[in-house]
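Report on the following structure.
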Amino acid sequence: MGAPLAHFAINADDIDAARRFYEAVFGWSFEAWGPPGFFHIERNDGGPRPVIAALQQRRELVEGRPILGFECTFAVDDVDATAERAVATGGRILMEKTTITGVGDLIWIEDPAGNIVGAMRYDTAAE
């Protein structure tokens, strides 16, 4: 597969309740990171961590459509080329390329069925 799942986020209206739920159900712990209401999910099983996970305040990437499912981001080599292919095949760009310092370049796209997906070019030297 050319673009592996690299990150997922769980969107929640009540962050504290969601944290209690995932701590109890899966044994996850959380570390505050970045903006208010955003936490990295830490695994406690000692296993490899190929996918980064987060719990965050619910948001809308499309106005009037709060994100209810898990929000997934796939690692790509070139977000510009990914955006071009998305548009060429019936998708649309929801968020133009944005650089997150120390993380990389991110875009949000919507597929023809209305599903929202992120594409990130990871680069720890990004500014």
Side-chain angles (χ1 to χ4, degrees):
M1 182 160 72
L5 177 64
H7 181 272
F8 75 86
I10 302 167
N11 289 268
D13 295 314
D14 184 336
I15 296 292
D16 292 334
R19 285 179 64 186
R20 286 190 302 272
F21 175 85
Y22 287 103
E23 285 170 345
V25 174
F26 295 125
W28 294 347
S29 58
F30 300 84
E31 177 185 345
W33 189 88
F38 187 94
F39 296 85
H40 274 178
I41 298 171
E42 302 294 327
R43 289 178 47 163
N44 297 325
D45 62 3
R49 185 174 161 174
V51 177
I52 299 168
L55 172 65
Q56 64 191 25
Q57 193 66 46
R58 186 174 318 282
R59 63 187 184 152
E60 296 178 358
L61 290 170
V62 175
E63 189 173 336
R65 287 179 38 202
I67 297 175
L68 299 176
F70 281 31
E71 176 183 307
C72 296
T73 302
F74 293 87
V76 298
D77 293 329
D78 184 337
V79 293
D80 296 317
T82 300
E84 288 176 19
R85 289 191 302 270
V87 171
T89 56
R92 72 180 179 125
I93 306 302
L94 300 176
M95 185 182 82
E96 296 292 335
K97 179 170 68 174
T98 301
T99 300
I100 302 171
T101 302
V103 180
D105 298 323
L106 172 67
I107 60 171
W108 287 101
I109 56 181
E110 183 178 39
D111 74 10
N115 298 300
I116 296 171
V117 62
M120 171 77 83
R121 182 190 64 83
Y122 287 88
D123 178 3
T124 56
E127 296 181 1

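Both backbone and side-chain heavy atoms feed into the values below; hydrogens, waters and symmetry mates do not.
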- prompt: Under the ring-ring contact (aromatic ring centres under 6.0 Å, His included) test, which residues partner Phe21, sequence neighbours left out?
  reply: none

query: Are side-chain heavy atoms of Leu61 and Ile67 found at a separation under 4.5 Å?
result: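 Counting from C-beta outward, Leu61 and Ile67 do come under 4.5 Å.
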
field: Pairs touching residues 78-94 that satisfy salt bridge (charged side-chain N to carboxylate O under 4.0 Å, His left out), sequence neighbours left out
entry: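 Every salt bridge (charged side-chain N to carboxylate O under 4.0 Å, His left out) pair that includes a residue of residues 78-94, provided the two are not neighbours, is Asp80-Lys97, Arg92-Glu110.
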
- request: Answer yes if Val62 and Ile107 sit in the same cluster of Ile, Leu, Val, Met, Phe, Trp and Tyr residues linked by side chain heavy atoms under 4.5 Å apart, and no otherwise.
  value: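 The answer is no; the residues belong to distinct hydrophobic clusters.
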
message: Tell me whether Val79 shares a hydrophobic cluster with Met95, the cluster being built from Ile, Leu, Val, Met, Phe, Trp, Tyr side chains joined at under 4.5 Å.
response: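 No; tracing contacts between hydrophobic side chains, which count when under 4.5 Å, never links both residues.
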
message: Tell me whether the rings of Phe38 and Trp33 are parallel (<30°), tilted (30 to 60°) or perpendicular (>60°).
response: tilted

task: Look at the rings of Phe70 and Phe8 and say which category their plane angle falls in: under 30° parallel, 30 to 60° tilted, over 60° perpendicular.
output: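 Plane angle under 30°, so parallel.
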
message: Is there a side-chain contact (heavy atoms from CB on, under 4.5 Å) between Arg19 and Trp28? Walk through the geometry before answering.
response: CA-CA 8 Å; Arg19 285 179 64 186; Trp28 294 347; over 6 Å; no

query: CD1 of Ile15 to CZ of Phe39: how many Å apart, nearest 0.5 Å?
result: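 Between Ile15 CD1 and Phe39 CZ, I get 6.5 Å after rounding to 0.5 Å.
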
- request: Output the distance between atom OG (Ser29) and atom CD1 (Ile41), rounded to the nearest 0.5 Å.
  value: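 One gets 9.5 Å once the value is rounded to the nearest 0.5 Å.
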
query: With sequence neighbours excluded, what pairs up with Ile93 under the side-chain contact (heavy atoms from CB on, under 4.5 Å) test?
result: Ala83, Val87, Glu96, Ile109

message: Restricting to salt bridge (Lys or Arg N to Asp or Glu O under 4.0 Å), what partner residues turn up for Glu71, sequence neighbours left out?
response: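 Applying salt bridge (Lys or Arg N to Asp or Glu O under 4.0 Å) to Glu71 gives Arg59.
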
query: Who passes salt bridge (Lys or Arg N to Asp or Glu O under 4.0 Å) against Arg20, sequence neighbours left out?
result: none

query: Quick one: side chain to side chain donor-acceptor pair (under 3.5 Å) pairs with a partner in residues 117-127, sequence neighbours left out?
result: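 Output for this query lists Asp105-Arg121, Arg121-Asp123.
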
message: Would you say Gln57 and Asn11 are linked by a side-chain donor-acceptor pair, where the criterion is simply a distance under 3.5 Å?
response: no

field: Donor-acceptor contact below 3.5 Å, side chain Glu60 vs main chain Gly64
entry: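 Answer holds: yes.
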
- line: Nearest heavy-atom contact between Ala3 and Val76 is CB-CG1, 4.1 Å

message: If I compare all heavy atoms of Gly118 with all of Leu106, which pair ends up nearest, and what's the gap?
response: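 Closest heavy-atom pair between Gly118 and Leu106: CA-CD1, 4.5 Å.
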
